[in-house]
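Only one structure is covered here, and it is reproduced in the block below.
The first residue of the sequence shown is numbered 1, and numbering continues consecutively from there. Just so you know, these numbers use all the heavy atoms, side chains as well, and skip hydrogens, waters and symmetry mates. Computed from a predicted structure; not experimentally measured.
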Amino acid sequence: MANTKSAIKAARQNERRRRRNRAVRSAMRTDIRKARVALGDGDVEQAQEAIRQAVIALDKAAQKGIIHPNKASRGKSRLMKQLNRSAQ
């Protein structure tokens, strides 16, 4: 348990940040899952929209420092690769 006033405040801040990060990360993963399901269904139009939402979620998570920017880039690249494969 934190003893000093500053450590108590830091613990409160960390808890708030943890909850926010967890919510953003969960939403990002949900959007990615929806995009993969749409790709599996074969509907290209629906898949494009789902991937667009997933890319937005990845960019926001990277911008907020929740995931590394390279991880966001890698995720976007893999989704686009799958989309291009399914469109052919």
Practice task
Could you pull out all residues at least two apart from Lys34 that satisfy salt bridge (Lys or Arg N to Asp or Glu O under 4.0 Å)?
Solution key: none

Fill in the blank from the handout: Closest heavy-atom pair, Ala62 versus Pro69, reported as atoms and distance to 0.1 Å, is CB-CA, 4.0 Å

Practice task
Just jot down the side-chain contact (heavy atoms from CB on, under 4.5 Å) partners of Ala47, sequence neighbours excluded, or say none.
Solution key: Ala38, Leu39, Leu83

Completion exercise
Residues at least two apart in sequence or cross-chain that pass salt bridge (Lys or Arg N to Asp or Glu O under 4.0 Å) with Arg17, listed by chain then number, are none

Problem - For Arg22, all residues meeting side-chain contact (heavy atoms from CB on, under 4.5 Å), sequence neighbours excluded - result: Arg18

Exercise for the section: Could you tell me which non-hydrogen atom of Asp31 sits nearest to which non-hydrogen atom of Ala57, and how far apart they are? Expected result: OD2-CB, 3.4 Å

Exercise for the section: Could you grab the distance from atom CD1 of Ile51 to atom CD1 of Ile32, nearest 0.5 Å is fine? Expected result: 11.0 Å

Completion exercise
Shortest non-hydrogen pair, Gly75 vs Leu58, comes out as C-CD1, 4.0 Å

Fill in the blank from the handout: In this structure, OG of Ser86 is separated from CD of Gln48 (nearest 0.5 Å) by 8.5 Å

Exercise for the section: For Arg85, check side-chain hydrogen bond (donor to acceptor under 3.5 Å, both in side chains) against everything at least two apart and list the hits. Expected result: none

Practice task
Check salt bridge (Lys or Arg N to Asp or Glu O under 4.0 Å) between Arg16 and all other residues, then give those that pass, not counting sequence neighbours.
Solution key: none

Handout entry: Pairing residues for Asp59 by the side-chain contact (heavy atoms from CB on, under 4.5 Å) criterion, not counting sequence neighbours
Key = Val55, Lys76

Practice task
State which residues pass side-chain hydrogen bond (donor to acceptor under 3.5 Å, both in side chains) with Thr4; sequence neighbours excluded, sorted by chain then number.
Solution key: Ser6

Problem - With sequence neighbours excluded, residues passing side-chain contact (heavy atoms from CB on, under 4.5 Å) with Ala2 - result: Ala7, Ile8

Problem - Residue pairs involving residues 65-75 (criterion side-chain hydrogen bond (donor to acceptor under 3.5 Å, both in side chains); sequence neighbours excluded) - result: none

Problem - Within 6.0 angstrom of Gln63 CD, more than 12 heavy atoms from elsewhere - result: no

Problem - More than 12 heavy atoms of other groups within 6.0 Å of Asn14 CG - result: yes

Practice task
Report yes if some heavy atom in the side chain of Ile66 is under 4.5 Å from a heavy atom in the side chain of Met28; otherwise report no.
Solution key: no

Completion exercise
The complete set of salt bridge (charged side-chain N to carboxylate O under 4.0 Å, His left out) pairs with one or both residues in residues 40-51, sequence neighbours excluded, reads Glu49-Arg52

